[in-house]
Amino acid sequence: MKDQDKLRDKAIEILKSNDRGGYTVPTARLYPYQWNWDAGFSALGWATFDEARAWRELDLLFQGLWEDGLLPHIVFHQQSPDYYPGPEVWGTDGKAALPTSGISQPPVSASVARWMLDRASDTELAEARAAALYPKLLTQHRWWHQARDPENTGLVCTYHPWETGRDNSAEWDQPFTAVPETDTVFQRRDTALVDSAERPHQSEYRRYIYLVELFRSLDYDPPALYAQSPFKIYDIGINSILVRADRDLLALSERFGSAADQSDLRARLEQASAGFSKLWNAELNCYNGYDLLADKRLELPVSAGFLPLYAGLPSSDRAQSMSRELGRWGDRTRYLVPSLAPDHPLFEPKRYWRGPVWSVVNYMIGLGLQEYGFGDLAERIRADTLALTDVGDFHEYFNPEDGSGCGGGVFSWTAAIALWLSARQNHEPKS
C-alpha cells in the first residue's frame with residue numbers, strides 16, 4: 001500500500017484541485033457541479049485538514065435547498081458544457097436561490113454534520129456551524145418524510161434511479177420496463193470522457209431523460225409525482241441512509257432543537273423500524289428494495305442490501321447472516337464490496353453500479369459491521385478500500401477482481417474517504 005503520508009498528500013491534492021471556491025466537484029469535466037451526497041463525503045475529507053472549509057461545503061450545498069425542503073441532487077453553481085442534462089433541461093427556475101436539478105439523493109448531510117461536530121478540533125467553530133445548519137437539516141428530513149412517505153408507511157419512495165445514487169443498478173432492470181424512452185434527441189457527454197463500457201447503456205439514459213421530462217411537466221409537485229411516476233421504489237439505500245441520518249439528526253436536535261423536533265424524529269424512527277420488516281430477504285441474507293407499482297420485492301444481492309447494518313436495524317441474528325454472506329462474497333472476489341454479488345449472472349466488474357466497488361458504500365457498510373461487533377470483516381473492508389487507492393489510484397469506482405480504477409479519475413469522494421479512514425481519531429465515528 002502507498003505510504004500513508006503520500007496517500008494523504010495525494011488525497012488532499014485531489015480535493016484542492018476539485019475545489020471551485022467553497023464547493024467540491026466530484027471530478028473535473030465529467031461531473032462539473034456540486035452533487036448532494038458527494039458533497040457530504042467530500043466534507044469529511046476536508047474536515048481532516050481544514051474544518052472551516054468542510055463546513056463551507058455543506059453551507060454551499062444547502063444554498064440549493066428548495067422552500068419545501070427538497071435538497072436537490074445537483075446544485076448548478078456555474079455553467080458547464082461538459083454535462084448533460086444541465087439546468088435548462090431540469091427547468092427548476094425559482095425553486096431555489098440557485099439553479100438545481102429536481103430530484104434529491106441519499107441524505108447523508110446530517111450524519112456528516114454530526115461526525116464533524118463530534119470529532120472537531122475547533123469545537124467553537126463546529127458548534128456554531130452545526131447550530132446554524134441544524135434548521136436546514138430538519139427541513140430537509142421533513143421533506144423526505146412528508147413528500148416521499150405520504151401514507152406514513154415508515155419508508156420513503158423514490159422516482160428516479162439517479163436519486164438513489166446507484167443509477168444503473170441491476171435492481172432497476174425490471175421496474176424500468178414500465179418507463180418509456182424519451183423521443184428527445186440529446187447528446188450525452190459522459191461517454192466522450194469515460195469508456196462507454198464503464199457507463200450506463202443509452203437505452204437506460206433515454207428512460208432517465210423521460211422521467212426528468214415528466215417531472216418537469218408536473219412542476220415537481222409531490223402528490224402528482226407520487227400518483228404519476230412510472231418508477232416508484234422503496235430504495236434500500238436511501239431508506240437505510242435516512243434512518244441513520246434521522247438518528248444523527250436526533251442527536252443534533254438534543255443540542256440545538258426542541259422537544260417537539262425530538263418527538264417527531266423518534267416517531268419516524270419507530271415507523272421506519274416497522275417498515276423495514278418487509279424488506280428482509282432470508283434467501284439472499286440481505287435486505288432488498290421494493291417496487292411499489294409491481295408490489296414486489298427487488299430480489300437482487302446488491303451491496304446496498306447491507307446498508308441496514310449502517311442504519312442499526314437488523315436483529316443480531318440477521319446481522320450475523322449478513323456478515324456471513326459478505327464473507328462469502330469476499331471468498332469469490334479480491335476486493336470487497338462489489339455492488340452486485342460476484343457470482344450473480346448480471347455481474348459486470350467494470351460497469352458503474354453493476355459490479356464495481358465504491359469507497360463510500362464500503363465506508364458505510366464497514367461502519368455498520370464495526371458497530372455490530374464484526375470487527376475483522378469491517379477491517380478487511382477498510383483495508384480493501386484503502387488498498388484500492390494504491391492499485392486503482394483515486395478513481396470513481398474499482399474493478400473488484402483486479403482493483404483497476406474505473407470511471408472518472410482524481411475523484412473527490414474516493415480521496416475524502418481515504419483521508420477519513422486513515423485519520424486514526426476519525427476511524428470510528430460515534431454511533
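Just so you know, residue 1 is the first one in the sequence shown, and it goes up from there.
In this structure, the side chains of P72 and I103 stay at 4.5 Å or more apart for every pair of heavy atoms. Two residues are said to be in side-chain contact when any heavy atoms from C-beta on lie closer than 4.5 Å; H201 and R351 meet this criterion.
Applying the side-chain contact (heavy atoms from CB on, under 4.5 Å) test between S359 and each of L388, L421, T385 identifies T385 as the sole match. Here the rule is side chain to side chain donor-acceptor pair (under 3.5 Å) with T24, and of Q34, R56, R53 only R53 fits it. Applying the salt bridge (charged side-chain N to carboxylate O under 4.0 Å, His left out) test between R142 and each of D261, D68, D149 identifies D261 as the sole match.
H77 is linked by a ring-ring contact (aromatic ring centres under 6.0 Å, His included) to Y23, counting only residues two or more places apart in sequence or in another chain. Y134 pairs by the ring-ring contact (aromatic ring centres under 6.0 Å, His included) definition with nothing, not counting sequence neighbours. Residues passing the side-chain contact (heavy atoms from CB on, under 4.5 Å) test with V410 are I14, T27, sequence neighbours excluded. For A110, the side-chain contact (heavy atoms from CB on, under 4.5 Å) partners at least two apart in sequence or on another chain are L137, H141, A245, L249. Taking the side-chain hydrogen bond (donor to acceptor under 3.5 Å, both in side chains) definition, one finds that S101 meets it with H73, sequence neighbours left out.
Residues Y335 and F398 place their aromatic rings such that the two centres sit no closer than 6.0 Å. Between H160 and F231, the ring centre distance reaches or exceeds 6.0 Å. For Y208 and F176, the ring centers sit closer than 6.0 Å to each other. Annotation: F76 is in aromatic contact with Y33 [ring centroid separation under 6.0 Å]. For W358 and W353, the distance between ring centers is under 6.0 angstrom. Ring centroids of W35 and Y31 are separated by less than 6.0 Å, placing the two rings close together.
More than 12 heavy atoms of other residues, nucleotides or ligands shown are found within 6.0 angstrom of CZ on R188. In D376, the CG atom is not crowded: 12 or fewer heavy atoms of neighbouring residues, nucleotides or ligands sit closer than 6.0 Å.
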(request) Test N18 against S412 for side-chain hydrogen bond (donor to acceptor under 3.5 Å, both in side chains), laying out the working first. (result) CA-CA 7 Å; N18 288 334; S412 293; 2.9 Å; yes
(request) For salt bridge (Lys or Arg N to Asp or Glu O under 4.0 Å), just list the numbers for R166 and D235, CA-CA rounded to whole Å, side-chain angles, deciding distance to a tenth of an Å, and then say yes or no. (result) CA-CA 10 Å; R166 305 189 318 282; D235 173 43; 2.7 Å; yes
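K232 forms a cation-pi arrangement with Y226, by the criterion of a distance under 6.0 Å to the ring centre and an angle within 45° of the ring axis. Geometrically, K95 does not engage Y220 in a cation-pi contact defined by less than 6.0 Å to the ring centre and at most 45° from the axis. By the 6.0 Å and 45° rule, R354 does not stack over the aromatic ring of F347.
A donor-acceptor pair shorter than 3.5 Å can be found between the side chains of H145 and D246.
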Indicate every side-chain donor-acceptor pair of residues 305-316 with a distance under 3.5 Å to a residue at least two apart or in another chain.
unit_1: S315; atom_1: OG; unit_2: R318; atom_2: N; d: 3.2

